[in-house]
Amino acid sequence: MQQSITNLKDFISQRIKLSGWLYSKREKGKLIFLQFRDGTGIIQVVVFKDNVTQEIFDRCKKITRESSCVIEGKVREEKRAPEGVEIDLDSIEILHLNSEDFPIQIQDVVPEVNFLMEQRHLWLRSRKQVALLRVRSQLIYAIRTFFQKRNFVCVDSPILTPAACEGTTTLFKVDYFDDEAFLSQSGQLYIEAACMALGKVYCFGPTFRAEKSKTRKHLTEFWMIEPEISFITFDKLLDFIQDYIEEIVQTTYSNCVPELKILERDLSKLDQIKRPFPIISYKEAVEIIKKNGEQIQYGEDFGAPQEEALVKEFNKPVFVTRYPSNIKAFYMKPDPADNNLALCVDVIAPEGFGELIGGSQRIDDYDLLKQRILDHKLPLDSFKWYLDLRKYGSASHGGFGMGLERTLSWISGIKHVRECIPFPRLLYRIYP
RNA sequence: UCCUCGGUAGCUCAAUGGUAGAGCAGCGGGCUGUUAACCCGUUGGUUGGAGGUUCGAGCCCUCCCCGAGGAGCCA
C-alpha cells in the first residue's frame, strides 16, 4: 500500500517515509513541531532533540515554509493531535530549501482577494483550496459516473466554432488562418446532432463567454455539462434532472465529508437535497416574487433580486418551468397547451448560489425552427446543418446545460466561483 | 458599459495638513507538548502613478492606472 497522510492510521507503530512540503513549524527549545503536508493531508511531525542526530535537528531548525522534503519516522497514536496520529521523526532530507519566504502566510486575517488571486499558483497549496479542488474532482467523477451508468455516450463538442448559437456579442473571437472563429459558448447544437446518432449523449468541456459580468457567479471560462436525450418528453426530462441533481450531490457529499468540513460547509443543508424537488411554473414564480416584495411584470426575465426573492421560499433547488418563449432561446419547443410558453426549465440553487441548470425540449419541426432562426435574425447559412437534423429522421429530444463551478460553489458553500476552478479567467484577470 | 467603495512595510491595518507606526510574517536569541504557540530583541517604506494647491501633502484638488462589491446578461 502507498503510504500517504490519509491512510496513516493503517501504519501505526510502523516506520514510514513520506515526500511532501513543510506546511508550518513551531519551535519549542529541544522540541520542534513540523506540520507536514503531502497533498493528501496535513500531519504533525514531532522532532525531539535527544532522539535525533544534531545534523537532523539542525535541518529541522532551518527548514522554511513550503520547502520540499522527505521525512522518515514512526507513526504513533496521539490523542492531543488533531488527526489522532503523529509521526516521531527519525530523519529528514530537504529536497529544496526555499531561499525566499513563502508569500502566503497562515494567519487569522484573510488577505485581500486580489493578493490571493495574484498568488493563485501558490494559494492552491492551502488547506481550503486543496479541499475544494478535491471536491471538484469528486463532483466531476459523480457526474461522469451518473451518465456512464445510464449508458450515455460522451461526445466532445468543438471548442472552435464558426458561429454563435445565440448571438455574437458575448463570444471570444480568434484568428482562424485567413478567417475568423469563435470559442464555443455551448456544445448543445453539436450534441443535438450526436444524440440523433447515438441516442443518449453528453458533452463536458470548457465554455467561453465574453460577458462583462463582474459578480461572484461569473467566469469568462467555465466548464459545462450538457446532456441531450432523444425521444424524451418534457416531463421525463424534469424527472431525469431530479435524479441527476440528487445523485451528483449525494455522491459528492458522501465522498467528501472531510473536505466539506474543512470548507466549513453546513452539511445539514446538503442532507435535504433529495427528491422531490419543487417544480413551479414561470407564472407561479412571478407570484412568489411579487409576494416576497420584489418588482416584476409577467413576461420579464428574472434578475438577481427576483431570483433571490424566489429562492428564499425553498431549501432545495427550485425548478421553474414554462417561461414565455420570447425571453428564451430560439430552439426551445413551444408548450402545446400554450403556444406562447416554452417547454423549458431553469433550476435555481438555494442559498443564493444562482442558476445551476437551463434546459428544454427542443424544436423538432423543420419549418418552425427555420422561422425561429429568421425571427432571431440569425444567419440561416450557419444553421443549415442544424436544420438538417429536422430534415432527416427528426425526433423529439431535449437536454440541459449545467455550470460546473456554480454547482461546486453551491455544494461546497464557497461564495465565489473564482475559487471553484483551479485558474479562474475573469473580466480583467487572466494571470496566472 | 454603468453605479458604489478602495490602493500606506511581504500580509492585515493605523496615522487632525506638521518627525510614516502597530500586529503578524521574516531574521537573532530562549523554552520538552505546540495547535493561529509564547517571551526578549531586530531588519523592513518611491504611502498605485503624474500634475496641482500649500511654508509644508499619506491626508485637499484634477487626470490616469489597478483592484473589490454590485447591476445588466448569463451557467
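This structure is a prediction, so every number in the text was calculated from the model and none was measured. Numbers restart at 1 for each chain; the letters A, B, ... are given by sequence-line order, proteins then strands.
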Self-check item: Ion pair check, K312(A) and E308(A), cut-off under 4.0 Å
Solution: no

Quiz item: Which comes earlier along RNA chain B counting from the 5' end, the contact point of P103(A) or that of D50(A), where each point is its nearest nucleotide?
Solution: P103(A)

Quiz item: Within a reach of under 6.0 Å around CD of Q107(A), are more than 12 heavy atoms found that belong to other residues, nucleotides or ligands?
Solution: yes

Self-check item: Distance in angstrom units between R418(A) CZ and rA68(B) P, rounded
Solution: 7 Å

Quiz item: Considering every strand shown, what is the Watson-Crick or G-U wobble mate of rU42(B) when both distances are under 3.5 Å?
Solution: rG26(B)

Exercise. Answer yes or no: does a side-chain N or O of H416(A) lie under 4.0 Å from OP1 or OP2 of rG69(B)?
Key: yes

Quiz item: Does R216(A) place a side-chain N or O at less than 4.0 Å from the phosphate oxygens OP1/OP2 of rA71(B)?
Solution: no

Self-check item: G-U wobble or Watson-Crick pairing nucleotide for rA14(B) (cut-off 3.5 Å, both distances)
Solution: none

Exercise. Check every strand shown and say whether D346(A) touches a base, only sugar-phosphate, or nothing at a heavy-atom separation below 4.0 Å.
Key: nothing

Exercise. Determine the contact category for M224(A): base if any of its heavy atoms lies under 4.0 Å from a base atom, sugar-phosphate if only primed atoms, P, OP1 or OP2 are that close, otherwise nothing.
Key: sugar-phosphate

Quiz prompt | Presence of salt bridge, D90(A) and K74(A), under 4.0 angstrom | solution = no

Quiz prompt | Among rA75(B), rU12(B), rA25(B), the nucleotide that comes nearest once only the side chain of P111(A) is considered | solution = rU12(B)

Quiz item: Do we see Y428(A) stacking on the base of rG67(B), given a limit of 5.5 Å between centres and 30° between planes?
Solution: no

Quiz item: Under the side-chain contact (heavy atoms from CB on, under 4.5 Å) criterion, do I289(A) and F302(A) qualify, and how do the steps go?
Solution: CA-CA 9 Å; I289(A) 292 163; F302(A) 307 150; 3.6 Å; yes

Practice problem: Take atom C1' in rA15(B) and the same atom in rG58(B), then report the distance between them in whole Å. | Solution: 8 Å

Quiz item: Is there a donor and acceptor pair, one atom on the side chain of S213(A) and one on the base of rG72(B), closer than 3.5 Å?
Solution: yes

Quiz prompt | Atom C1', compared across rA20(B) and rG44(B): separation rounded to whole Å | solution = 13 Å

Exercise. Tell me whether the centres of the aromatic rings in F147(A) and Y244(A) are closer together than 6.0 Å.
Key: yes

Quiz prompt | Distance, C1' atom - from rU34(B) to rG49(B), rounded to whole angstrom | solution = 46 Å

Exercise. Using whole Å, report how far CZ of R406(A) lies from C1' of rC73(B).
Key: 10 Å

Practice problem: Indicate, with a heavy-atom threshold strictly under 4.0 Å, whether R127(A) touches base, sugar-phosphate, or nothing. | Solution: nothing

Quiz item: If you measure from CD on Q138(A) to OG1 on T145(A), what distance do you get to the nearest 0.5 Å?
Solution: 9.0 Å

Quiz item: Are side-chain heavy atoms of R362(A) and E228(A) found at a separation under 4.5 Å?
Solution: yes

Exercise. Among rU12(B), rG33(B), rC74(B), find the nucleotide with the atom closest to the side chain of F115(A).
Key: rU12(B)

Quiz prompt | S213(A) and T215(A): CA distance, side-chain angles, deciding distance, side chain to side chain donor-acceptor pair (under 3.5 Å) verdict | solution = CA-CA 6 Å; S213(A) 301; T215(A) 79; over 6 Å; no

Quiz item: Distance between the P atoms of rC24(B) and rA37(B), in whole angstroms?
Solution: 11 Å

Quiz item: What is the distance, rounded to the nearest whole Å, between atom CD of E118(A) and atom C1' of rA68(B)?
Solution: 13 Å

Quiz item: How far, in whole Å, is rU12(B) from rU16(B) if one measures between their C1' atoms?
Solution: 24 Å

Quiz item: Between rC24(B) atom C1' and I104(A) atom CD1, what is the distance in whole Å?
Solution: 15 Å

Quiz prompt | Nucleotide-resolved protein contact map, nucleotides 34-43 of chain B, B/S/- at heavy-atom distance under 4.0 Å | solution = BBBB------

Quiz prompt | P atoms of rC60(B) and rG6(B), separation to the nearest Å | solution = 10 Å

Quiz prompt | Partner nucleotide of rG6(B) by Watson-Crick or wobble geometry (both distances under 3.5 Å) | solution = rC66(B)

Quiz item: If you look at every strand shown and take non-hydrogen atoms under 4.0 Å, does G354(A) touch a base, only sugar-phosphate, or nothing?
Solution: nothing

Quiz item: What interatomic distance, in whole Å, is found between P of rG26(B) and the corresponding atom of rU35(B)?
Solution: 15 Å

Exercise. Give I357(A) one of three labels, base, sugar-phosphate or nothing, depending on what nucleic acid heavy atoms sit under 4.0 Å from its own.
Key: sugar-phosphate

Quiz item: Under 4.0 Å between a side-chain N or O of K217(A) and OP1 or OP2 of rA75(B)?
Solution: no

Quiz item: In whole Å, what is the span from the NZ atom of K212(A) to the P atom of rC74(B)?
Solution: 17 Å

Practice problem: Indicate, with a heavy-atom threshold strictly under 4.0 Å, whether K214(A) touches base, sugar-phosphate, or nothing. | Solution: base

Quiz item: Considering every strand shown, what is the Watson-Crick or G-U wobble mate of rU35(B) when both distances are under 3.5 Å?
Solution: none

Quiz prompt | rC60(B) - base-pair partner by Watson-Crick or wobble geometry, distances under 3.5 Å | solution = rG52(B)

Quiz item: Closest to the A304(A) side chain: rG72(B), rC11(B), rG67(B)?
Solution: rG72(B)

Practice problem: Any strand is fair game: report the nucleotide pairing with rU1(B) by Watson-Crick or G-U wobble, both distances under 3.5 Å, or none. | Solution: rA71(B)

Quiz prompt | Spacing of the P atoms in rA36(B) and rG69(B) (rounded, Å) | solution = 28 Å

Quiz item: Do the side-chain N or O atoms of R429(A) get closer than 4.0 angstrom to the phosphate oxygens (OP1, OP2) of rA68(B)?
Solution: yes

Quiz prompt | Whole angstrom value for the distance that separates P of rA71(B) from CD1 of I296(A) | solution = 15 Å

Quiz item: How would you list, by chain and number, every residue that makes a side chain to side chain contact (heavy atoms under 4.5 Å, CB included) with E247(A), sequence neighbours excluded?
Solution: F146(A), K149(A), R150(A), T251(A)

Quiz prompt | Separation of rC11(B) P from R65(A) CZ (nearest whole Å) | solution = 14 Å

Exercise. Evaluate the salt bridge (charged side-chain N to carboxylate O under 4.0 Å, His left out) criterion for residues E86(A) and R80(A): first the C-alpha distance (whole Å), next the side-chain angles of each, then the deciding distance (0.1 Å), finally the verdict.
Key: CA-CA 9 Å; E86(A) 239 173 36; R80(A) 289 170 289 189; over 6 Å; no

Quiz item: What is the distance, rounded to the nearest whole Å, between atom CG of L427(A) and atom C1' of rC66(B)?
Solution: 13 Å

